[in-house]
Every structure is written in C-alpha cells, then in structure tokens.
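All chains are named by letter (A, B, ...) in the order of the sequence lines, taking the proteins before the strands, and each is independently numbered beginning at 1.
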Protein chains: 2
Amino acid sequence: MTKKRPRAHAPRRPAAGRTATIKRVADHARVSIATVSRAFADPQAVSPELRLRVEEAARTLNYQPSRAARALRSGTSRAVGVVIPDLENPFFTAVVRGIDIVLQAAGYTLLLASANEDTARERNVLETLRAEGVAGIIFVPINATRDAYRHVLAPPLHTVVIDRLPSNLRADHVTVDNVEGTRAGVTHLLDLGHRDVALLSGPLRHSTAKEREQGYEQALRAAGVPLRADLVYRGDFREGGGYDGMRTLLALPRRPTAVLVANNLMTLGAFRALHEARVRIPDEVALVGFDDMPWATSLNPPLTAIGQPSQEIGSAAADLLLGRIAHPDRTFRHVMLETTLVVRASSGTAVRPPRTRPAAGPHHRRAPVTS
Amino acid sequence: MTKKRPRAHAPRRPAAGRTATIKRVADHARVSIATVSRAFADPQAVSPELRLRVEEAARTLNYQPSRAARALRSGTSRAVGVVIPDLENPFFTAVVRGIDIVLQAAGYTLLLASANEDTARERNVLETLRAEGVAGIIFVPINATRDAYRHVLAPPLHTVVIDRLPSNLRADHVTVDNVEGTRAGVTHLLDLGHRDVALLSGPLRHSTAKEREQGYEQALRAAGVPLRADLVYRGDFREGGGYDGMRTLLALPRRPTAVLVANNLMTLGAFRALHEARVRIPDEVALVGFDDMPWATSLNPPLTAIGQPSQEIGSAAADLLLGRIAHPDRTFRHVMLETTLVVRASSGTAVRPPRTRPAAGPHHRRAPVTS
DNA sequence: GATTCGCGTGAAAACGTTATCACGCCATGG
DNA sequence: CCATGGCGTGATAACGTTTTCACGCGAATC
C-alpha cells in the first residue's frame with residue numbers, strides 16, 4: 001500500500017502540438033517563469049530589459065496563456081455568462097450584441113445561454129455558468145422575485161440585471177424608462193385626436209408591463225381622458241397573446257380607434273389579427289408598438305414604434321459588470337436609458353411633431369443613478 | 001539562487017466558500033481521490049460498494065468537478081464554440097437554438113460569438129475559441145475559400161460547417177437542399193401562370209446563392225420558359241440589397257409579375273420597396289421568399305416562403321460534432337435537409353396544391369450522405 | 001502447490017498557471 | 001562603516017483534476 005522509491009510517469013501530451021507554454025517562453029527569454037507571468041500581469045514590476053525579452057519571446061513563440069491553468073490557479077476566468085429568456089426575440093439578441101462588443105474589446109469571452117422562458121431551465125443554466133467559473137453574469141430574469149436568484153448572488157459572482165428587475169433584488173441593473181416611453185406613445189395617439197386608446201399589456205409580474213401600464217394611465221390622465229378598464233388587455237408578451245388581445249379588442253361593442261402594444265412579439269400578433277379581420281391601419285385602428293424592430297419598416301403599413309436603444313442597453317450592462325469586477329465593493333448602480341418614439345405610418349399621418357422631448361441627438365443615456 | 005529547505009506557502013483560498021473538491025469527497029467516502037475520479041469517468045471500473053459510497057458523498061457535499069482543473073489536466077473541455085455571421089438574423093439564432101438544445105442535453109456549454117459579417121473579426125473569434133480550448137466549433141463561414149480557415153482545421157479541434165460550404169473544405173457539414181427548395185418556389189409561381197419570374201439573388205461566392213440560382217434556372221427550363229438575364233439581380237443578402245433589387249426590377253421596361261427573393265433579409269427590403277411604390281401584392285407582383293420567419297404571417301400580405309428547418313439544422317450540426325468527438329477518425333459526413341414550401345397570400349391565391357413533394361410529415365431529414 | 005493473470009485500489013506525477021517567499025543587490029540613513 | 005529597506009528576480013507550492021504505475025489479493029492455470 002505504501003512504497004518508497006519515486007516513479008517515472010509517462011507524461012501525457014498536452015492538448016496537441018499546441019503552442020508554447022510559459023516555460024518555453026521563459027527558457028527562450030532566459031528568465032524564470034515567474035518573470036514571464038509578471039511581465040504580463042504587472043508589466044511595470046519587471047525591468048524594461050527583461051520585459052522586452054519576454055515580450056519578444058512570447059511573440060516569436062506565439063504564446064497564448066492557457067485559460068484553463070489561469071482559471072484553475074486564480075479561481076477566476078475572463079468569461080462572462082449571459083442568460084436571456086429567448087434567443088429568437090430580436091430585442092434580446094440586439095442586447096447581446098451590445099454586450100458582445102464591449103466584452104470582446106475587454107478581452108472577455110461570452111458564454112451565452114437561453115432559458116427558453118423556462119424557470120427550471122434558467123436555474124439550470126445559471127448553475128452551469130457558476131460551475132464554469134465565469135467572472136460575472138448578465139441576465140434578463142424570467143421570475144419576478146428575488147428568491148429564485150438567491151444562489152446567483154453568492155459573493156464571488158457579480159450580477160447585472162437587464163430589462164426586468166425582480167423585486168428586492170440588489171444588483172446593478174439597466175432598464176429603459178418604460179413609463180415615459182409609453183406615455184409618449186399614448187400621448188402621440190391622443191394628439192392625433194384618438195380618445196378610445198387601448199393597451200395590449202403583459203403579465204403584471206414583469207416590471208416592464210407594470211411600468212408601461214403606468215405610462216399609459218399617466219398619458220390618459222394628463223389629457224383628461226377617462227380610463228376604460230375593458231381597453232386594457234393583458235397578454236403573455238408572445239405573438240399569440242397579441243393576436244388574441246387584438247381580436248378581443250375588435251370584438252368590443254365600443255371598439256378602440258387606437259392601440260398601443262407593449263411588446264414586440266405581441267405587435268406582430270396584433271398585426272396578424274388586424275390583417276385577418278381586414279381592418280385598415282391606421283384608418284380604422286391606429287397602432288403604436290413598443291420596441292422598434294428591423295422589420296418595422298417592412299410591415300404594412302410601417303410601424304410607429306417606441307424604440308429602445310437595445311444595443312446600448314447591452315453595452316451599458318457590460319460596462320457595469322466590468323466596473324464591478326474592478327471595484328467589487330462599490331454601491332449598486334441603476335442605469336436608465338431613454339426611449340425614442342419613431343413615427344411611421346401605422347399611427348396615422350403625423351399632423352404635428354410628436355410631443356416627446358425634442359430629438360435628443362445621439363445621447364440617450366441618462367446620468368447613472370445610485371439606487 | 002538555490003536553496004535547500006522547503007517552504008510553507010500561504011495557500012490562496014479558492015474561488016470562494018465554494019463547494020467540495022474531489023479531495024473532500026474522497027475523505028468523506030473514505031477512498032482515494034483516484035477512486036472518486038474513476039467513479040465518475042468510468043463507473044464500472046470501481047466496485048459497486050465504493051461507487052455507492054462515492055456517489056452518496058458527492059451528493060451530500062454537492063460536489064461539482066472543477067471544469068478548469070479538468071480542462072487543464074485532460075486538455076479538452078466540454079465546451080463548444082459557435083460562430084455565426086450575424087446575431088440579429090433570426091435564421092442564425094434559430095440554428096443556434098437547435099445547437100443549444102442538443103449541447104445542453106449532452107452536458108456541453110455553448111460559447112457563442114458573432115463575427116458581425118467581418119472577416120477579421122471572424123478570424124479573431126476563431127482564434128479565441130481555440131485558445132479557450134473548446135472541444136469543437138460549429139460555424140457559418142463568411143468566406144468562400146478554405147484558405148481563410150486553415151488554422152481552424154488543425155487536428156485537436158473538430159469543425160462542423162453550416163449553411164455555406166467553402167470550396168475544398170473537408171469537414172462535416174449541414175446544408176439544406178437549396179436547389180430543390182428554390183426550384184419548388186419558382187415552380188409554384190410558374191404553376192400560377194407567371195412567366196416573367198425574377199430572382200433576387202446574393203453574392204455568387206456564397207454556395208447558397210449559387211445553388212438557389214441553379215434551382216431557379218432548373219425550374220424555368222423545366223417549364224420551357226426562356227431565361228431573361230435582366231430578371232436576375234444579385235444583392236448582398238441584406239435588407240438594403242433587397243430594397244435596391246426590387247426597385248431595379250420595378251424600373252425594368254418589362255416588369256416581372258413574380259419575384260423569388262433568395263434570403264430573408266432581402267425579402268424585408270423587397271416588401272419595403274413594393275409598399276413604397278404602392279405596388280399591390282400579389283396582384284401586380286407575386287412574391288415568394290426563401291426562409292420562413294416568425295414575422296412572415298404578420299407581413300401584408302402574409303409571405304409565401306420556402307422554409308428551412310432552421311432549428312433542426314442546428315441540432316444536426318451538434319449531433320455531427322458530438323459524433324466526431326466520439327469518433328475522431330470517421331469519414332466526413334454531409335447532412336442535407338429538405339425545405340418546405342409554405343404557401344400564403346403573397347404568391348397569389350393557390351389555384352391548386354403546389355407541385356412540391358406531398359406534405360412529408362414531420363420528417364425533413366434525408367439520409368446522411370458521406371461526401 | 002507454485003505460477004500467472006486479472007481486477008480493484010491507492011499513491012503520486014503532471015497539466016500551466018499565479019502568488020508567495022527568500023535572496024542578493026544597491027541605495028539610503030544613521 | 002554597518003544596519004535597514006526597497007526592488008527585482010528566481011524557486012517553488014498550490015490550484016483540482018486525470019492518468020499512470022505499482023501493489024495486494026483472489027481466481028484460474030499448469
């Protein structure tokens with residue numbers, strides 16, 4: 001069971017004829033491996049002369065530090081996990097693109113996972129990412145309560161939340177001003193003379209749905225238009241929900257003359273329902289959709305939309321995460337971005353410029369607010 | 001420079017109050033770490049009694065093997081890189097979804113990167129994935145020649161190519177039957193009585209564009225309709241290309257009465273151009289698009305489309321990759337999937353069932369062909 | 001009844017890093 | 001002049017696995 005003399009083991013070839021290890025660089029530069037490591041991690045800690053030798057050796061040998069070894073030893077990897085509810089919703093993919101750009105530039109790798117709108121799957125995926133040893137996670141939560149995410153918040157892992165914010169969750173997060181966006185959209189319809197303005201909303205457990213309803217109510221109140229409960233339909237934020245909702249509205253004894261749809265997929269469903277019923281847009285029903293999408297101009301008529309700076313939402317989230325990795329103890333930040341009303345034909349001929357803020361130029365970002 | 005006595009080093013806490021290491025499991029089960037490792041890697045190599053003890057210990061300690069250590073030691077990780085040209089093209093995201101599902105089930109992690117249709121970026125991204133030590137790469141190449149990808153093919157890395165196949169590239173790959181798909185689409189238009197059928201195609205360096213043109217020509221030839229060179233427009237497979245192409249076609253002295261658009265984004269552009277010019281679809285111009293998209297039914301009129309089994313393309317690719325990881329030396333395989341013509345209003349009232357193969361049921365996949 | 005074989009197990013090397021400690025050196029201060 | 005301190009460098013432990021080798025043991029073989 002015990003024995004004395006040392007053994008000679010057959011070393012396994014590493015991954016392949018792969019490139020240099022830190023040791024080969026060290027030999028080539030005639031320094032120790034510690035110096036090589038330092039030359040990369042903290043360049044000014046090593047004398048200029050040696051640093052140069054190391055850099056050159058690394059270049060000629062085409063040295064790429066092993067991420068696995070680095071992760072194993074330091075316990076942290078340069079990878080960031082991104083979890084979205086649905087890969088096929090273009091809003092989310094645009095957000096991911098924004099994240100990707102920032103992360104790429106910072107030398108991080110992006111691990112993407114889709115939860116497919118499934119709570120169990122989301123949990124599973126978050127666990128995997130954590131086991132994978134990512135440096136942080138950016139995600140769009142499905143659930144509305146913090147409890148579902150307690151395990152994600154465990155210290156070594158940094159978290160940034162996008163779009164929907166679970167109640168009581170303390171974390172950096174990025175949202176858009178849903179209240180103001182919707183208010184602007186509804187006000188636009190009111191300005192065009194509509195009085196029976198309906199709202200196709202989503203599940204109230206989503207903060208976005210709640211906020212968009214608030215914006216809707218604010219706009220009506222400000223215009224002195226009484227709220228009609230039957231004009232608010234709550235769908236599921238999916239295509240079918242928009243379809244069903246629009247059909248319900250069309251069947252009302254007093255049909256709305258304008259509808260604001262609170263989500264991009266539902267907008268598609270609403271369009272389908274209107275076309276099917278041969279209702280003319282915008283003459284019989286004017287339409288405004290939340291979320292500007294690539295296909296908005298190809299719809300017939302082109303869609304008036306409340307655009308979110310999707311890509312910028314992603315970049316902001318990535319910035320937030322990188323900032324927190326650098327300063328783990330700073331207070332949580334909440335970045336809120338503005339929406340932009342893009343007026344096209346589906347809301348009717350614009351008789352005057354929309355009553356939102358004057359075109360704000362390229363800057364949408366509001367000053368960060370510490371929550 | 002040299003010294004004799006051993007040193008006591010302060011051990012760094014690993015990633016955090018993280019869970020058990022293999023050592024703790026071993027202690028708890030009163031076996032060696034080797035046995036624990038074996039109990040997972042090759043269960044039948046360890047006696048049932050010990051295996052049970054190990055399994056129980058792992059469960060109570062909530063043991064998750066460190067991926068980093070595993071990757072470092074074995075030189076291969078359970079991660080797969082996926083590279084697509086554009087994150088915001090729903091065709092690609094649907095493919096990714098298919099990949100994701102298979103990979104997830106097999107316990108692999110998906111590293112997604114978008115090349116943003118940029119060759120340099122693509123190269124960069126592939127390098128990163130290789131450095132990351134992924135077990136394999138599934139990708140939709142931007143370039144048409146093998147040379148651009150020679151570095152990816154280096155042995156330890158397995159590659160599966162999707163959609164477009166660079167010439168001379170020897171690798172597993174998955175495509176759809178573009179020739180047959182287009183042929184069916186054009187034939188459908190011919191069956192409806194059209195004779196001036198145009199094609200909005202893409203860059204010929206893409207194998208997909210070439211094949212779709214072939215299908216177009218085959219259909220015309222089969223119907224005895226002479227080819228008109230001015231009816232084939234080659235765009236860039238982006239929205240703008242479809243818009244420009246359609247405008248060009250509309251400006252022809254002898255305008256086509258039907259158009260097949262060879263790509264989803266170009267279809268959106270074509271719709272926009274038609275709406276702008278107030279051309280009635282399908283009365284003045286009938287339309288068929290390659291690629292069925294979620295929004296196809298929301299267009300006005302709903303789009304007749306040549307659908308690709310996008311998600312299935314992804315699963316097939318993932319299957320291929322897993323197969324190759326298991327059997328590195330098997331011959332390369334080429335899986336070709338069928339398309340499905342979905343007739344909607346944009347091609348005009350279907351006076352008779354389309355002349356494609358009879359509805360094939362849920363099975364699209366053709367028997368794999370070794371290339 | 002001695003040899004061979006196979007099987008299950010444990011000890012320990014190795015993977016490629018990072019981070020700690022110790023050491024030699026030179027400058028500084030008493 | 002000697003003690004103190006800082007700085008640059010090298011040697012090396014440690015991270016948590018996988019995998020090789022050796023060993024003990026019981027069964028099969030001659």
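If you take NZ of B/Lys23 and P of D/dA14, they are 13 Å apart, rounded to a whole angstrom. Nucleotide C/dT9 holds its P atom 13 Å from the CD atom of B/Gln44, rounded to whole Å. Rounding to whole angstrom units, CZ of residue B/Arg78 and P of D/dT17 are separated by 15 Å. In this structure, the CZ atom of A/Arg30 is 11 Å from the P atom of D/dG10, given to the nearest Å. At whole-Å resolution of the value, CD in A/Glu49 and P in D/dT9 are 8 Å apart. Atom C1' of nucleotide C/dT9 and atom CZ of B/Arg53 are separated by 12 Å, given to the nearest angstrom. Distance CG (A/Asp27) to P (D/dA11): 11 Å, rounded to an integer number of Å. Atoms CZ (B/Arg67) and P (D/dT18) sit 12 Å apart, rounded to a whole Å.
In this model, no side-chain donor or acceptor of B/Arg73 finds a partner on the base of D/dT17 within 3.5 Å. With hydrogens and angles ignored, a donor-acceptor pair closer than 3.5 Å exists between the side chain of A/Arg38 and the base of D/dG10.
The shortest heavy-atom contact between B/Val46 and B/Ala39 is CG1-CA, 3.8 Å. What you find for B/Val140 and B/Glu122 is that their closest heavy atoms are O-OE2, 3.9 Å.
Proximity of a side-chain donor or acceptor of B/Thr35 to a complementary backbone N or O of B/Val31 within less than 3.5 Å is not detected.
Taking side-chain N and O atoms only, A/Thr21 has no distance below 4.0 Å to OP1 or OP2 of C/dG16. Between B/Ser37 and D/dT18 there is a side-chain polar atom (N or O) within less than 4.0 angstrom of OP1 or OP2. Checking the phosphate oxygens (OP1, OP2) of D/dT9, a side-chain nitrogen or oxygen of A/Ser47 falls inside 4.0 Å.
A residue-by-residue look at B/Thr35 and B/Leu72 shows that B/Thr35 has its nearest nucleotide of DNA chain C further toward the 5' end. In this structure, B/Ala68 and A/Val46 both approach DNA chain D, and ranking their closest nucleotides by distance from the 5' end singles out A/Val46.
Relative orientation of the B/Tyr63 and B/Phe40 rings is tilted, given thresholds of 30° and 60° on the angle between their planes.
Taking only side-chain atoms of B/Leu50, from C-beta outward, the nucleotide of D/dT12, C/dT17, C/dT9 with the closest atom is C/dT9. For A/Ser66, counting side-chain heavy atoms from C-beta on, the closest listed nucleotide (D/dT19, C/dG16, D/dA11) is C/dG16.
The cationic atom of A/Arg78 (NZ for Lys, CZ for Arg) lies less than 6.0 Å from the six-membered ring centre of A/Tyr108 and within 45° of the ring axis.
Nucleic acid contact for B/Ile33: base, since at least one base atom lies under 4.0 Å from a heavy atom of the residue.
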